[in-house]
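A quick write-up on the structure given underneath.
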Protein chains: 2
Amino acid sequence: MPQKPFVSAQEVAERAGVSRSAVSRTFTPGASVSPETRRRVVEAAEALGYHVNHLARGLMRNESGIVCLIVSEMSTPYRANLIRAMTQQLQNAGKIAMLINTDRSDGSVDLALRQAIRYRADASIILSGMPDRSITQLCLKNGQRLVLINRDDDQQGPLRINLDDAEAAGRVVTAFVRAGCRRLAFANSQAGTPSLMAREHGFVAAAKTMGLPVRVERHGPTDYESGRVLAQRLLTLSERPDAVFCATDLLACGFMDAARHQFRVAIPDQLCVVGFDDIEQAAWSSYDLTTFAQPVEMIAREAVAWLVNESGQAAGDDSVRFQPNLVWRSSVRGG
Amino acid sequence: MPQKPFVSAQEVAERAGVSRSAVSRTFTPGASVSPETRRRVVEAAEALGYHVNHLARGLMRNESGIVCLIVSEMSTPYRANLIRAMTQQLQNAGKIAMLINTDRSDGSVDLALRQAIRYRADASIILSGMPDRSITQLCLKNGQRLVLINRDDDQQGPLRINLDDAEAAGRVVTAFVRAGCRRLAFANSQAGTPSLMAREHGFVAAAKTMGLPVRVERHGPTDYESGRVLAQRLLTLSERPDAVFCATDLLACGFMDAARHQFRVAIPDQLCVVGFDDIEQAAWSSYDLTTFAQPVEMIAREAVAWLVNESGQAAGDDSVRFQPNLVWRSSVRGG
DNA sequence: GCCGTTGTTGCAAGCGCGTGCAAATGCTGC
DNA sequence: GCAGCATTTGCACGCGCTTGCAACAACGGC
């Protein structure tokens, strides 16, 4: 670690023959500098390889430009895609993303938020897990903005972005009935996150109003392997379902693979399948899965727009709801 | 933006009835503080919700704890997985990851590195694209460590982590020959990155030494859709190949789907397929793809270990080579 | 020729922190 | 009781930056 490797504004000032303030102002949009001074400063900065120290700037401005992304299982397709959209939007807005991995353990998200505070992040976006209420309060008290995505929390202060999971789940029942299905099933993981449970309850409730029973099965984490296990459970029943709504596409892919290769079930002829998320693989021709597309770009844009919005929590209700878009593919009859 | 939302060491000091230095020392490992003082400081800090300001600390220490991850197409399975492994390892080492999206455009990586300099990142890890030599020099001159993953660059200074792509590609030829294949093909994208080209050249060279011709086809970006297009090109030839090595698993998945569903080709009976990366989908039973596993965890561990290593560029040659591990699955006959 | 106005510049303070230095404190051995 | 030592503590400075303030220059209108 060299002693003083980075070139400072002081050195630029000396080389340009101006004061240190002039250098600062040159790199501060909207500050008052004459064209001639600016030219000399830029020239010297270029020659010396000067870059404004955002750490020091953040110290003065009380605004670091850092936004924390807090997320678990970040390599799953849906999450990875959301992270991509978020970082892109943040960059467009002149912010920069910090990425923090969380796991299932209790204090994990709290720890992440503490890290966000240490780096004086302007905001944190939580894609996974629920932080303790005391921590979110700490963040807000420290002037840090908070965005909760699909967390379905009711506390005031953070921006809450949610999908209308229940309503979407209801549409699936209609689709299944239209396809002539009668023995419905719902395949879920045991994660028990608000969105997953909302899909389950929405589906069961809608089926009930149409007088159809639903077999609900839950297993393990929300991944491909769980989808296979769920298929093994549901397809070995004496009353084999003829339609299954999987809580996510990943579950659906596992389910379809087991159904086809292990149980020789024809999709959609003997079994209709619907997923959720519209991950890239859902469109692959091995699956061609009917599913709900999450408006990932819109979610990211909305979140970032709210973050950079100077007017504080001006807008009364900081809650946004999106309708997922049903994408018809061949895993359901009669699209 | 509230004026002074974060609580400072000063306030903690006042509440604890000690000097500000004492607070600072309490949170500096190895500093000299009496147990009693420490207790009072910790108590006050707890009560006030104090967190050390890492921005200011970075200013003093010339060490921010920030490591930049520079990556394009970050939502593809292989990249997403590498990002996950990296952030996890960084967190374990007490560092934190900044994530920067790049695109195909020329100055994109340079811009990202400039951003890394602005935030005084201790290091940058480049997973995509090649920065201009002048920029990497700028980083090194500023005392910033640099890691290039699969970039196959020869400049001194950065840590270079590479796979032995050519050697691996050679093993594929052997596998194909052993499976009784004679008409080999290589399916590549047009990205032209060093690793992709090394796989292509290694495959062609190995085939040549065994007296077998190879049909090489290149198309588009390195994704699923290109795999489909490549299948359309290669499977409509009068001399249809009976074995194809796809430069990545994503290409292979597209290739297999088109081969099976569009051309009714049986895999592995009529066509053997090998991919590269061992993404999660390669193990899905719709593909069950024979492929090379990149030692993602080891790559991440190696990179982070080198970054946090105090001894500077002590170790003579900063270049690491890994052998990818061939994972046998059913897309090749006679594993 | 003078004053008010506008635009530019340097000074200096301060953001929150780490740390060298010297003073202060506590302890041991005689 | 006191010299000698180790440990702890506070002071004050500086890290690189922004910004309010006052000084200053330029300039047009009367």
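We use all heavy atoms of the structure for the numbers below, so side chains are in, but hydrogens, waters and symmetry mates are not. Every value quoted in this text rests on a predicted model; they were computed, and no experiment measured them.
Taking only side-chain atoms of V52(A), from C-beta outward, the nucleotide of dG10(C), dT18(D), dT19(C) with the closest atom is dT18(D). Among the nucleotides dT8(C), dC17(C), dT9(C), the one closest to the side chain of P35(A) is dT8(C). Set against dC17(D), dT19(C), dA12(C), the side chain of S21(A) has dA12(C) as its closest nucleotide. Distances from the side chain of R120(B) to the nucleotides dC17(C), dT8(C), dC17(D) place dC17(D) closest.
When the nearest nucleotides of DNA chain D are assigned to E36(B) and R25(A) by heavy-atom distance, the more 5′-ward of the two goes with E36(B). Residue order along DNA chain D, read from the 5' end via each residue's closest nucleotide, puts S32(B) first among S32(B) and A56(B).
Side-chain N/O atoms of R20(A) and base N/O atoms of dT18(D) include a donor-acceptor pair closer than 3.5 Å.
Rounding to whole angstrom units, CZ of residue F6(B) and P of dG14(C) are separated by 22 Å. For the pair R61(A) CZ and dC17(D) C1', the computed distance is 9 Å after rounding to whole Å. Across the protein-nucleic acid pair, N53(A) atom CG and dG14(D) atom P stand 18 Å apart, rounded to whole Å. Counting to the nearest Å, the P atom of dG16(C) and the CD atom of E14(B) are 12 Å from each other. Rounded to an integer number of Å, the gap from M60(A) CE to dG14(D) P is 18 Å. For the pair F27(B) CZ and dT19(C) C1', the computed distance is 17 Å after rounding to whole Å.
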Steps toward side chain to side chain donor-acceptor pair (under 3.5 Å) verdict (T87(A), N101(B)):
CA-CA 7 Å; T87(A) 55; N101(B) 233 329; 3.0 Å; yes

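Put simply, S34(A) has no side-chain N or O that comes within less than 4.0 Å of OP1 or OP2 on dT8(C). The side chain of T37(B) contributes an N or O atom lying less than 4.0 Å from OP1 or OP2 of dT9(D). Contact check, R57(A) against dT18(D): a side-chain N or O comes under 4.0 Å of OP1 or OP2.
A salt bridge links R104(B) with E73(B): at least one charged nitrogen is closer than 4.0 Å to a carboxylate oxygen.
In this structure, Y50(A) has its ring center no closer than 6.0 Å to that of F6(A).
Among the protein residues, V23(A) comes within range of no part of the nucleic acid, since none of its heavy atoms lies under 4.0 Å from any strand.
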